[in-house]
Amino acid sequence: MISMARFGTRDLDGAKTFYDGIAELLGAVRAYDRPDLVAYKTAEGGMLLIGIPFAGDATPGNGNQVGIQADSRAQVDAVHARALELGGKCEGKPGIRGDDPNGFYGAYFRDLDGNKMTIFRFGPPEV
């Protein structure tokens, strides 16, 4: 349903370094690289834009978060670890959420500007 999301940043060069590291693990590439915006695109077509706001300062939204679907639980673990290595803040270690061990497996982190993200896989562990 959702095909694009955008976060504001106060430091586009820092955001590029952070998101380049995450994009690499997800197979995403830069679709746009402008002085005010960078966009990452997956093979499936979804895009994440990070840019300087049109007006005012970039601030993280209260209650906002963007989720990225992973191909495996190992990919969830790897993206979360990379986000923390790149200066992100942990908002929830990788693990099962809820009562179904074959359901939602996810991890949460904040980027360098405080924007909240989740990386997740829905379904049983890979065989």
Side-chain angles (χ1 to χ4, degrees):
M1 182 168 102
I2 296 174
S3 58
M4 190 273 296
R6 179 183 172 131
F7 281 142
T9 184
R10 296 177 295 275
D11 176 7
L12 188 57
D13 289 334
K16 287 178 183 181
T17 299
F18 183 85
Y19 284 101
D20 282 351
I22 291 171
E24 172 187 20
L25 296 175
L26 295 166
V29 297
R30 283 190 188 181
Y32 300 104
D33 190 355
R34 303 187 327 217
D36 63 336
L37 175 98
V38 63
Y40 298 92
K41 182 179 178 295
T42 65
E44 294 80 25
M47 289 198 331
L48 178 62
L49 287 70
I50 314 296
I52 305 297
F54 298 117
D57 291 329
T59 58
N62 184 16
N64 295 346
Q65 92 178 325
V66 168
I68 298 174
Q69 189 167 340
D71 293 329
S72 67
R73 290 183 179 190
Q75 191 176 43
V76 169
D77 297 346
V79 169
H80 185 260
R82 177 73 57 89
L84 301 187
E85 288 170 11
L86 293 167
K89 305 293 182 213
C90 181
E91 286 284 319
K93 295 179 182 178
I96 296 168
R97 303 300 194 271
D99 297 332
D100 183 356
N102 294 317
F104 188 90
Y105 182 91
Y108 301 85
F109 60 90
R110 291 191 184 267
D111 70 7
L112 304 179
D113 288 290
N115 298 302
K116 190 171 182 180
M117 300 192 71
T118 182
I119 178 80
F120 70 94
R121 179 175 192 283
F122 193 81
E126 333 41 81
V127 186

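The figures that follow rest on heavy atoms only: side chains count, while hydrogens, waters and symmetry mates do not.
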When every non-hydrogen atom of Arg10 is compared with those of Ala58, the smallest separation belongs to NH1-O, 2.8 Å
### Short side-chain to backbone donor-acceptor contact, Arg121 and Gly123, under 3.5 Å
yes
Interatomic distance, CG@Asp113 vs OG1@Thr59, rounded to 0.5 Å, equals 9.5 Å
Report task. Take Lys16 and Asp33, measure what side chain to side chain contact (heavy atoms under 4.5 Å, CB included) needs, and give me the verdict at the end. Result -> CA-CA 9 Å; Lys16 287 178 183 181; Asp33 190 355; 2.6 Å; yes
One should read off an interatomic distance between Met117 CE and Asn64 CG, to the nearest 0.5 angstrom, of 12.5 Å
Exercise. Start with the C-alpha distance between Tyr105 and Asp100, add both sets of side-chain angles, then the distance that settles side-chain hydrogen bond (donor to acceptor under 3.5 Å, both in side chains), and finish with yes or no.
Key: CA-CA 10 Å; Tyr105 182 91; Asp100 183 356; over 6 Å; no
* Please tell me if the side chains of Ile52 and Thr9 come closer than 4.5 Å, counting only heavy atoms from C-beta onward. => yes
* Asked: Within 45° of the ring axis of Tyr40 and under 6.0 Å from its six-membered ring centre, is that where the NZ or CZ of Arg6 lies?
  -> no
- Query: Between the side chain of Arg110 and the main-chain N/O of Gly88, is any donor-acceptor distance below 3.5 Å?
  - Reply: no
Can Ile22 be reached from Val29 by stepping across I, L, V, M, F, W or Y side chains whose heavy atoms are under 4.5 Å apart? no
With a 6.0 Å cut-off (strictly less than), is the heavy-atom count around OH of Tyr32, excluding the residue itself, greater than 12? no
| request: Take Met4 and Leu49 through the side chain to side chain contact (heavy atoms under 4.5 Å, CB included) test and state the conclusion after the steps. | output: CA-CA 7 Å; Met4 190 273 296; Leu49 287 70; 3.3 Å; yes
Distance col, row Leu37:CG vs Leu12:CG, nearest 0.5 angstrom, shows 7.5 Å
Transitive ILVMFWY side-chain link Leu26 to Phe120, under 4.5 Å:
no
Could you walk me through whether Asp20 and Arg30 pass the side chain to side chain contact (heavy atoms under 4.5 Å, CB included) test, one step at a time?
CA-CA 8 Å; Asp20 282 351; Arg30 283 190 188 181; 2.7 Å; yes
Between the CD1 atom in Ile50 and the CG atom in Asp11, the distance rounded to the nearest 0.5 Å is 12.0 Å
Heavy atoms of Ala28 and Thr42 approach each other most closely as CB-CG2, 4.2 Å
Hey, any chance Val76 and Val79 share a hydrophobic cluster, counting ILVMFWY side chains that come within less than 4.5 Å of each other, even indirectly? yes
Do Phe18 and Val66 sit in one hydrophobic cluster, given that two such residues count as connected whenever their side-chain heavy atoms are within less than 4.5 Å of each other, even indirectly? yes
Closest heavy-atom pair, Asn102 versus Pro125, reported as atoms and distance to 0.1 Å, is OD1-CD, 3.4 Å
inquiry  = Using the rule given for salt bridge (Lys or Arg N to Asp or Glu O under 4.0 Å), can you reason through Asp111 versus Lys89, listing the C-alpha separation, both sets of side-chain angles and the distance that settles it, and then say yes or no?
reply    = CA-CA 7 Å; Asp111 70 7; Lys89 305 293 182 213; over 6 Å; no
Rounding to 0.5 Å, atoms CG (Asp71) and CG (Leu25) come to a distance of 11.5 Å
Using the ring of each side chain (for Trp, its six-membered ring), is Phe7 parallel, tilted or perpendicular to Tyr19, with breaks at 30° and 60°? tilted
All heavy atoms of Glu126 vs all of Arg73, minimum pair found to be OE2-N, 3.1 Å
Closest non-hydrogen atoms of His80 and Pro94, given as atom of the first, atom of the second and distance, are ND1-CD, 3.6 Å
Looking only at heavy atoms, the pair that brings Ala70 and Ile119 closest together is CB-CD1, 3.9 Å
key: Working for side chain to side chain contact (heavy atoms under 4.5 Å, CB included), residues Gln69 and Thr118   = CA-CA 8 Å; Gln69 189 167 340; Thr118 182; over 6 Å; no
Separation between CZ (Arg97) and OH (Tyr108), nearest 0.5 Å, reads 5.5 Å
> Is the shortest heavy-atom distance from the side chain of Glu91 to the side chain of Lys116 under 4.5 Å?
Replying inline: yes
